[in-house]
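To start, the structure under review is shown below, and the notes come after it.
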Amino acid sequence: AQKVTQAQTEISVVEKEDVTLDCVYETRDTTYYLFWYKQPPSGELGFLIRRNSFDEQNEISGRYSWNFQKSTSSFNFTITASQVVDSAVYFCALSEAVGKETSGSRLTFGEGTQLTVNP
Amino acid sequence: NAGVTQTPKFQVLKTGQSMTLQCAQDMNHEYMSWYRQDPGMGLRLIHYSVGAGITDQGEVPNGYNVSRSTTEDFPLRLLSAAPSQTSVYFCASSYSGVGNTIYFGEGSWLTVV
């Protein structure tokens, strides 16, 4: 069975600090996909990034960066120079196939990390 | 620019009542699903559909019913609401195939008293 672990339940930082959110996953699949989603206080779930298991290049998007390490089954997320608007719950998720002929994906979510950025 | 639309956003039900959470997407996605979010448990899959006329159970299907008569709509029915179904419900959709990005609606907050 697939599993995603986000060991940090809550993190609190001061604005402009860098912060890294950890994600460790378990899967027996050789091909898989990893995701990060952001859930701000308003409640909606916003997509941040998708990464497949064959692409171990780090990804940078503005102040956000992701470090995928297959050897340690980790997909960590770093926010550089954090801002108050970054305050949210962040979810890491792992996809697996569902349905006949792998016609869909099911996400296995971690429990989420509540990030609070204080001014 | 609608994406995935869920209604209602908030609902209070009495135990034993039934209701339907509506979900519609305008992205022509074949795959749709429902998740529930509970504190400390992340999101868990309730039911999913890989196309019109095809549905299947996810991780926590008991007490819920779904149907998919069109590509656009995927309603979730609570047959006889129980306090254990107090949760936040998210509808999601994506193109078919493994690993495609799954997009979520804004969530529906349901309280069963």
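Proteins come first, then strands; the chains are lettered A, B, ... in the order of their sequence lines, and each starts at number 1. The basis for the numbers below is simple: all heavy atoms, side chains too, and nothing from hydrogens, waters or symmetry mates.
Counting non-hydrogen atoms of neighbouring residues, nucleotides and ligands closer than 6.0 angstrom, the CD atom of B:Glu72 exceeds 12 such neighbours. For NZ of A:Lys3, the number of neighbouring non-hydrogen atoms (other residues, nucleotides, ligands) closer than 6.0 Å is 12 at most.
When heavy atoms are compared at a cutoff of 4.5 Å, A:Thr108 does not approach chain B at all. Looking at B:Ser33, neither its backbone nor its side chain comes within 4.5 Å of chain A, counting heavy atoms on both sides. Only the side chain of A:Gln39 has a heavy atom closer than 4.5 Å to any heavy atom of chain B.
B:Thr71 pairs in a side-chain contact (heavy atoms from CB on, under 4.5 Å) with only one of the listed residues (B:His29, B:Glu30, B:Met32, B:Gln25), which is B:Gln25.
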*Carefully, step by step, assess A:Phe75 and A:Tyr32 under the rule ring-ring contact (aromatic ring centres under 6.0 Å, His included).*
CA-CA 12 Å; A:Phe75 186 42; A:Tyr32 51 89; 9.9 Å; no
